[in-house]
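Worksheet: the structure to be examined is printed underneath.
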Amino acid sequence: MLDDFDFDTRVRLHVYYHLLGSGRAPSPAETASALGTPVQQVEAALGRLHDAHLLVLAPGTSDVWMANPLSAIPTAFEVDVGERTWYGNCIWDAMGVAAMLGVNATIRTPCPDCQERLLVRVESQSLVSADGVIHFAVPARQWWYDIGYT
């Protein structure tokens with residue numbers, strides 16, 4: 001019998017593998033089916049992972065919104081790797097997607113001031129081209145107060 005920690009780890013890994021493979025987060029029912037367990041057990045695990053800041057659930061649901069640095073929904077921070085595109089929750093997370101995958105990537109995002117298209121290149125795990133300034137309006141210590149809108 002798995003304890004909560006082991007089961008939560010299995011749920012979390014399933015979410016990441018599914019999100020990386022398909023570009024979308026699995027539903028709790030899909031995760032339950034893949035792991036051969038009741039949906040309620042998966043929803044409880046997702047709740048614990050959310051409370052531990054290991055995943056972010058969409059408000060009022062058991063649906064994965066963020067599996068940092070990945071966003072489960074399209075955002076303005078597109079991470080292009082070959083023919084695949086993933087999304088970061090912010091520029092920091094977008095660079096984290098390239099780092100997590102250990103690949104060269106192009107990050108596309110509009111300038112929040114003028115909407116001009118900005119490109120950031122990551123090659124060999126280094127930032128090789130980027131114009132602009134990264135600005136964090138909220139101190140990092142406060143991000144989890146409202147992580148979905150920080």
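Screening residues 89-118 for ring pair (Phe, Tyr, Trp, His ring centres under 6.0 Å) gives W92-F136 as the qualifying pairs, with residues at least two apart or on separate chains. The ring pair (Phe, Tyr, Trp, His ring centres under 6.0 Å) pairs that include a residue from residues 18-47 are H14-H18, where partners are two or more places apart or lie in different chains.
The backbone N or O of A76 sits less than 3.5 Å from a side-chain atom of T109, completing a donor-acceptor pair. With S124 contributing its side chain and S126 its backbone, the two residues share no donor-acceptor pair below 3.5 Å. Of the possible polar contacts, one joining the W86 side chain to the L20 backbone as a donor-acceptor pair under 3.5 Å is found.
Within the 4.5 Å cutoff, the side chain of I107 has no heavy atoms near those of the L119 side chain. The side-chain heavy atoms of V56 and V64, taken from C-beta on, include no pair separated by under 4.5 Å. Looking at V97 and L70, their side chains come closer than 4.5 Å, going by heavy atoms from C-beta outward. Considering only heavy atoms from C-beta on, D8 stays 4.5 Å or farther from R10 through its side chain. Taking the side chain as every heavy atom from C-beta outward, R117 and P110 never approach each other to under 4.5 Å. The side-chain heavy atoms of V15 and P26, taken from C-beta on, include a pair separated by under 4.5 Å.
Interatomic distance, D4 CG to Q41 CD, rounded to the nearest 0.5 Å: 8.0 Å. Note: Y16 OH to L55 CG = 6.0 Å, rounded to the nearest 0.5 Å. For the atom pair R121 CZ and E123 CD, the distance stands at 4.0 Å (nearest 0.5 Å). Annotation: the span from S27 atom OG to D63 atom CG amounts to 7.5 Å, rounded to 0.5 Å. Taken to the nearest 0.5 Å, the CZ atom of R108 stands 12.0 Å off from the CG atom of L118. Atoms OH and CZ, on Y17 and R12 in that order, are 11.5 Å from each other to the nearest 0.5 Å.
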Steps toward side chain to side chain contact (heavy atoms under 4.5 Å, CB included) verdict (V128, V122): CA-CA 6 Å; V128 295; V122 176; over 6 Å; no
Check against side chain to side chain contact (heavy atoms under 4.5 Å, CB included), N89 and F77: CA-CA 7 Å; N89 301 295; F77 302 94; over 6 Å; no
Worked verdict on V120 versus I91 for side chain to side chain contact (heavy atoms under 4.5 Å, CB included): CA-CA 9 Å; V120 176; I91 191 64; 4.3 Å; yes
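At a threshold of 4.5 Å between side-chain heavy atoms, the hydrophobic network of Ile, Leu, Val, Met, Phe, Trp and Tyr places V103 and M95 in one connected group. In this structure, M66 is a member of the same hydrophobic cluster as I73, with clusters built from ILVMFWY side-chain heavy atoms closer than 4.5 Å. Hydrophobic clustering places L57 together with V42 (ILVMFWY residues linked when any side-chain heavy atoms are closer than 4.5 Å, directly or through intermediates). W65 and L54 fall within a single hydrophobic cluster, where Ile, Leu, Val, Met, Phe, Trp and Tyr are joined by side-chain heavy atoms under 4.5 Å apart, directly or via other members.
Contact between P69 and M100 at its shortest, heavy atoms only, is CD-SD, 3.9 Å. Nearest heavy-atom pair, V138 versus Q142, reported as atom, atom and distance to 0.1 Å: CG1-CB, 3.6 Å. Annotation for E43 and P28: closest pair CG-CB, 3.9 Å, computed over non-hydrogen atoms. V81 and A105 get closest at one heavy-atom pair: CG2-CB, 3.9 Å. Closest approach of L46 to S62, counting heavy atoms only: CD1-O, 3.3 Å. In this structure, G88 and T75 approach most closely via the heavy-atom pair O-OG1, 2.5 Å.
In this structure, D113 places its CG atom where only 12 or fewer heavy-atom neighbours from other residues, nucleotides or ligands lie under 6.0 Å away. With a 6.0 Å radius and a threshold of 12 heavy atoms from other residues, nucleotides or ligands, Q115 has its CD atom above the threshold.
Salt bridge annotation for R24-E30: present, with a cationic side-chain nitrogen under 4.0 angstrom from a carboxylate oxygen.
For the residue pair T106 and D80, no side-chain donor N or O sits within less than 3.5 Å of a side-chain acceptor on the partner.
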